[in-house]
Amino acid sequence: MKTLLVVLAVLFASHCIAGNYYETMKSNIEKLEKSTSIDELNQLAALFLRIANTEKEEWLPNYYACYAYTRSTHFMSDGDSIDSALDQAQTILDKLLNTQEKESEVHVLQAMVYSLRITNPTRGYKYSSLSNKSLDRAEQLNGNNPRIYYCRANNVYHTPKVFGGGSDKAIGLYEKAKALFENSSVDNDLFPSWGNYHNGLMLDKCLAQK
Amino acid sequence: MRQFKIVLIVILGLFISLLSHAQNIISGKVTSTDGETLIGVNISIKDSYEGTITDLDGAFEFETDQKGDLELIVSYIGFSSRVITLNPSEYTDINIHLKESVTSLNSVTITAGSFAADDKQRASVLEPLDIYTTAGSLGDINGALKTLPGTQPASDDGRLLVRGGEASETKVFVDGLLAAKPYYSKVPDLPTRGRFAPSLFSGTVFSTGGYSAEYGQALSSVLVLESSDIALEELTSISVMSVGADLSKTWCANKRSTSIGLAYTNLAPYYMIAKNRLDWTKPTESSNLNFMHRQKFDNGSMLKIFSNADYSLNAFNTVLEDEGANIDTEGGNVYLNINYSVPFGDKSYMKSGLATTFDNYRQIAGTHRTENEELNLEARITFVHNLSEGVELKAGLADAFMGYSHSYKYLKSEQQWDGGINDHILAIFIEPEIKLSARFAIRPGLRYEYSTYLQESNIAPRMSFAYRTSKNSQLSAAYGEYYQNPVNEYLKFGTEFQFEKATHYIVSYQIGSVKERLLRSELYYKDYTNLVSYQRGSHPYENTFFNDGHGYAKGIDVFFRDRKTLKNTDYWLSYSYLDTKRLYKDYPSTATPSFISKHTFSTVGKYFIGSINTQVGATWTVASGRPYHRPDDDNFMSGKAPVYNDLSINLSYLTHIADHFTIIHFSMSNVLGRDHLVGYRTIPSYSDRQDALMPLMPDVKQFLFLGLFISIK
């Protein structure tokens with residue numbers, strides 16, 4: 001009887017912790033994808049960092065902490081704030097690139113951080129080169145990752161026509177990303193899955209401009 | 001059934017105990033040790049997900065189920081993290097102070113005397129791109145640096161003249177190694193250009209004084225160029241210019257890149273359409289080849305190879321000693337720089353390098369024929385070790401060899417003079433940089449040098465301080481002793497010389513940020529001793545030399561840059577006040593040398609017109625008249641040339657040709673069409689006749705440049 005109790009207690013406790021990780025991650029990833037408030041995104045980033053500090057074996061908490069800081073820059077307008085948010089994202093990325101070098105998603109996130117550094121035209125050349133280099137590596141690791149083509153399309157879209165960019169040239173890439181998004185099956189629902197919605201919006205925008 | 005009941009009770013009991021947990025509140029405030037409110041600090045309870053971040057007032061509050069003694073982790077980017085143990089009575093109103101980390105990006109950096117053009121350092125005042133986009137620089141690194149305070153405009157020279165120092169007092173280093181001949185061979189009275197294209201470098205540190213013990217053999221200034229990192233993209237560039245053409249190609253692979261560049265310049269077509277002063281028989285023609293290879297190895301080490309070779313010639317007719325004469329110059333140069341750095345653990349690395357320059361120069365000026373051959377070879381090893389957080393020790397060892405031979409022939413009388421120098425300069429330096437806090441840093445250094453030619457040694461102490469007075473301002477100071485061998489022009493006559501010496505004292509204050517508005521002002525005093533002086537003999541090769549010259553330079557340099565106030569506009573203003581006097585060369589009394597302007601003001605403006613993809617720029621430089629000596633005047637150096645006033649403009653239009661990014665660049669110097677008589681050069685007489693005066697004026701009054709630069713990816 002005693003043994004049974006102990007076994008039950010252990011099972012229960014471990015279930016409690018694992019369930020806690022999974023549930024906490026899942027609900028906060030949902031929150032993260034909907035949030036449009038810088039404050040909330042910072043809170044979420046901090047939460048993911050706390051999870052990362054506890055669940056040292058998992059890389060997704062750090063990934064989402066970094067993603068939250070990256071996402072928060074979409075709601076900022078001045079270059080300095082964007083830079084300081086990206087500095088925080090980069091600090092986490094440096095760790096991730098060390099431990100998860102073989103993970104395509106980490107390189108996509110790095111590519112996005114580089115692209116977002118382009119807050120003024122003088123940075124264009126340097127950071128778009130770095131971003132494309134990261135996307136190349138992501139593609140090498142997993143060519144079926146739709147976010148690669150979504151980010152590459154964004155890079156092309158935001159590059160001025162004189163430098164070889166523009167909406168016309170981005171269409172093909174958005175379409176490729178769309179096809180991959182539609183066929184992708186997620187075997188782990190904590191795994192990165194963002195981008196589909198925006199990819200659709202951008203594709204429509206490009207087609208409308210044509 | 002009974003067992004099921006027990007399980008049910010256990011589960012229920014657990015739920016009840018969970019529900020009945022008292023919620024504790026943890027609250028407090030986080031500030032920096034300086035009292036600054038810290039926003040967004042991450043507060044968490046150890047081994048749990050619980051926690052929060054601080055709000056706009058630096059305050060935090062959250063609920064927890066935990067009780068008893070707790071460990072709170074407080075972490076913030078750029079600050080040292082803290083772990084705080086709390087007992088239940090201390091849960092609320094916690095006051096936490098975080099100390100800024102000495103490794104934070106915002107921590108103090110030593111800046112006295114130096115201007116960095118780089119995108120890594122916080123102390124930078126310029127960005128690498130500024131070198132291309134500064135009007136009047138004509139794509140020359142030195143041209144852009146001349147818009148900074150502390151330099152002389154000296155449009156008749158082209159080299160860097162810093163804080164009262166001669167051109168030979170500034171040394172150029174590439175990746176920490178000496179570039180002995182950074183300029184094309186100079187034709188008297190005509191400006192020269194830097195050998196190295198600015199596109200080869202990603203960082204530039206221009207020190208106008210008080211520089212590190214890592215560098216020696218420069219009395220006034222060092223220019224440290226850092227060659228570009230591994231290129232990320234394959235690129236072919238083609239440039240067609242009104243004065244020549246360039247072709248370069250870069251190949252990339254994983255962790256390495258190689259590039260080759262070819263340049264050809266010929267001024268002949270330009271002289272056919274533009275009016276010029278000199279009678280050219282062979283307008284300047286030069287070819288240049290450069291090679292770069294970068295490779296990163298798996299152990300983290302990095303190999304950098306940079307090589308540059310060029311050949312140039314020109315000839316023109318002029319009048320020498322009342323006779324018509326042809327000045328015919330020809331020169332070739334090969335530079336090779338190999339650098340290998342290897343890390344040891346994550347705390348130290350070693351840099352070893354070899355740089356060699358071979359230079360051959362021949363000139364026939366009327367009846368005088370001179371030929372110089374010079375080989376410079378520097379080998380250097382530097383160790384950098386992080387002793388502890390904020391303490392970095394740098395130490396190094398170098399041997400710089402120079403073999404110089406000079407031959408002179410007077411073609412009328414078969415009179416001849418040959419001589420040479422073989423010198424090893426051995427140097428050892430040690431220099432720790434100590435960040436006592438995120439606000440205060442000191443860098444004491446010591447350098448020892450021994451010259452085998454002079455058979456003399458020197459020990460030069462250096463010292464720099466920096467104190468960050470607020471988030472965006474800092475106060476710096478530097479002191480240092482600097483030694484240099486006399487120039488080859490004197491040294492070739494014998495070994496009876498000593499090192500020339502300068503002592504620098506600098507105080508500097510900087511406020512603002514280069515991204516927005518930055519103001520920097522620097523006050524300096526420089527003391528010169530043991531300068532070479534001579535008494536004229538019967539012939540230029542029979543002077544009597546002394547080493548007892550002396551002098552001083554003191555002044556103030558002000559720099560202001562603003563990229564915020566006006567939209568799409570970036571401008572900077574530089575002002576230098578310089579008071580300097582010397583007793584050296586063949587000066588009969590102490591005087592201000594003829595290349596010095598007391599007041600120099602320059603302003604650079606750049607405006608980007610997005611709608612037409614065009615950047616327009618202008619550089620305006622005004623300098624007070626330079627002194628010169630009239631041969632019949634009793635007061636030495638009492639003549640004064642007119643004020644120098646130059647306005648240069650440029651325009652860059654960004655476009656594409658068949659999908660290839662293209663820049664069309666136009667520039668024009670001396671828009672105001674002034675004469676630019678910057679002074680007079682004394683041509684010494686070795687006979688009974690009086691010295692002659694030669695007006696210093698540019699060959700081309702207004703220089704127009706048109707170029708087309710195409711990048712093919």
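Reminder, nothing fancy here: chain letters follow the sequence lines and each chain counts from 1.
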Contacting region of [X] [heavy-atom separation from chain B under 4.5 Å]:
{"X": "A/Lys56", "answer": "neither"}
{"X": "A/Asp136", "answer": "neither"}
{"X": "A/Ser129", "answer": "both"}
{"X": "A/Asn53", "answer": "neither"}

Are more than 12 heavy atoms, taken from residues, nucleotides or ligands other than [X], located less than 6.0 Å from that residue's [atom1] atom?
{"X": "B/Lys255", "atom1": "NZ", "result": "yes"}
{"X": "A/His74", "atom1": "NE2", "result": "yes"}
{"X": "A/Lys178", "atom1": "NZ", "result": "no"}
{"X": "B/Lys46", "atom1": "NZ", "result": "no"}
{"X": "B/Lys296", "atom1": "NZ", "result": "no"}

- Contact winner vs chain A - B/Thr52, B/Asn254, B/Asn613, B/Leu56, heavy-atom pairs under 4.5 Å: B/Thr52
- Between B/Ile45, B/Thr655, B/Leu654, which residue shows the highest count of heavy-atom pairs closer than 4.5 Å to chain A? B/Thr655
To the nearest 0.5 Å, tell me how far [X] [atom1] sits from [Y] [atom2].
{"X": "A/Ser128", "Y": "B/Leu232", "atom1": "OG", "atom2": "CG", "value": "10.0 Å"}
{"X": "B/Asp47", "Y": "A/Glu55", "atom1": "CG", "atom2": "CD", "value": "10.0 Å"}
{"X": "B/Ile53", "Y": "A/Asp39", "atom1": "CD1", "atom2": "CG", "value": "7.0 Å"}
{"X": "A/Asn28", "Y": "B/Tyr49", "atom1": "CG", "atom2": "OH", "value": "10.5 Å"}
{"X": "B/Asp55", "Y": "A/Asn42", "atom1": "CG", "atom2": "CG", "value": "12.0 Å"}

- Query: Considering all heavy atoms of both residues, which atom of B/Gly51 and which atom of A/Arg50 are nearest to each other, and what is their separation?
  - Reply: O-NH2, 3.0 Å
Which pairs of donor and acceptor atoms, one on a side chain in residues 72-82 of chain B, lie under 3.5 Å apart (sequence neighbours left out)?
unit_1	atom_1	unit_2	atom_2	d
B/Tyr76	OH	B/Ile39	O	3.1
B/Arg82	NH1	B/His97	O	2.9

Contacting region of [X] [heavy-atom separation from chain A under 4.5 Å]:
{"X": "B/Ser48", "answer": "backbone"}
{"X": "B/Ile43", "answer": "backbone"}
{"X": "B/Glu50", "answer": "backbone"}

